[in-house]
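One-based numbering, in listed order, for ligands and for the atoms of each.
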Amino acid sequence: MRRFIPVAEPVLGEAEVRAVAECVRSGWISPLSSSVREFEERFAAYCGVSEAVAVSSGTAGLHLVLVALGLGYGDEVIIPDMTFVATANAVAYTGARVVTADVDPRTWNITPETVARVLTRRTKAVIPVHLFGNPADVEGIKRLVGRKVVVIEDAAESHGAVFRGRKTGALGTAGVFSFYANKLITTGEGGMITCRSRGLGRRLRFLLDQAMDPNRRYYHPEIGFNYRLTGMQAALGIAQMRRIKSLLSAKHRIAKWYQEFLKDKRGLEFQQQQSGAESSWWMVSILLPKGVDRRRIEQKLKRCGIETRPFFHPISSLPMFSKNPERPVARQLFTRGLTLPSGAKLSRKDVQWICHALRKELV
Ligand SMILES: Cc1ncc(COP(=O)(O)O)c(C=O)c1O
């Protein structure tokens, strides 16, 4: 009998067990632990930025950046229509209006052209999402919107992805990563904000810790948040950082295998990288041939022990964001899109078996 193949699974070993155990033994489990600083420094160096601020989740990170940059009521923030709901929710928490832009049918990301269609005088920020690890054209979007509009990368899914020689998270005013258990590296829950401005880094650290005045303990001049990462999570994160290169190589290998085993399947499409972009291939996703019932394929694969994932419901189709008109490309992606098992432990044989099972259903 074949084993159950999940869509994603964390890679955790003795090194992680030791790191967390040592943290617990030391008693430094709170956010004051030196492991939090160490994790931040290692992550900043990895991304090629001067500042990395650890937070309790990617969602918290997105919210905190928007607050730190002064976004609020009356402002509009452009996000892709095809993204996880967290991108939109973080904007909504601030009181700003969520405006969705359609995505490109090949890269599945927003582009300067799709952003231009919804840009107004009230636009104060754009949040490109590097969907499934595929870098969006942050440079092009920055050029389009000019200096008055901030561009924040939602890099929750794109650890290690590169655009024209620079890592995602180092392309915009700030970048936000997630360390949820299905991400390339994980701390269970957790996140990291990256940026190059010391001032912004300081402001983020102030806000995430209940906005306590650094020179007057328990004096809080503003409303702050508790968005801190714990010492235990950071210890786990440091251990995961030691694996990041090999995890990334595994993802690249898996994507290549899928492309090899499915390349001649007519009508089936892979996510494409634009020139200069190197995806991290966090999740290998496909568009099924037009007219194929995605739910039927999901069910059939499930019966073979293969877990898959549908794409996100377009943001404009969710009740709280439905003032946005339907975006046709996002809608198409949702109808045809399927994420295949992409865990770093998959072998070539596993991928071959998944593709065999999929091809059988597509004849
Ligand atoms: C595109 C995107 N943005 C934001 C988030 C939110 O991250 P978290 O789950 O750590 O809050 C996720 C999480 O999966 C995501 O995929």
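In this structure, atom 3 (N) of ligand 1 lies nearest to the protein heavy atom Asp154 OD2, 2.7 Å. When hydrogens are left out, the protein atom nearest atom 16 (O) of ligand 1 is Glu157 OE2, 2.6 Å; that is the closest non-hydrogen contact. In terms of protein heavy atoms, atom 12 (C) of ligand 1 is closest to Phe84 CD2, 3.4 Å. The nearest heavy-atom contact from the protein to atom 13 (C) of ligand 1 is Lys183 NZ, 3.3 Å. At the top of the distance list for atom 9 (O) of ligand 1, counting protein heavy atoms only, stands Ser178 OG, 3.9 Å.
Two rings, from His130 and Phe163, have their centers 6.0 Å or more apart. Aromatic rings from Tyr258 and Trp281 are positioned such that their centres are separated by 6.0 Å or more.
Under the 4.0 Å criterion applied to side-chain N and carboxylate O atoms, Arg25 and Glu22 are not assigned as salt-bridge partners. Residues Arg294 and Glu298 are paired through a salt bridge, judged by an N-O separation under 4.0 Å between the basic side chain and the carboxylate. Using a 4.0 Å cut-off between charged nitrogen and carboxylate oxygen, Lys124 and Asp75 count as a salt-bridge pair. Here Glu361 does not pair with Arg303 in a salt bridge; the nearest charged N to carboxylate O distance is not below 4.0 Å.
For ligand 1, one of its N or O atoms has an N or O atom of Thr59 under 3.5 Å away. In terms of polar-atom proximity, Glu189 is not counted as a contact of ligand 1, lacking any N or O under 3.5 Å from an N or O of the ligand.
Listed by number with element, the atoms of ligand 1 under 4.0 Å from a non-hydrogen atom of Gly58 are 7 (O), 8 (P), 10 (O), 11 (O).
In this structure, a donor-acceptor pair under 3.5 Å is absent between the side chains of Ser279 and Gln271.
Around atom 5 (C) of ligand 1, the closest heavy atom drawn from Ala156, Ala60, Ala181, Ser57 belongs to Ala156.
Taking 4.0 Å as the cut-off, Gly190 counts as a neighbour of ligand 1 on heavy-atom distance.
Counting heavy atoms closer than 4.0 Å to ligand 1, residue Val176 contributes nothing at all.
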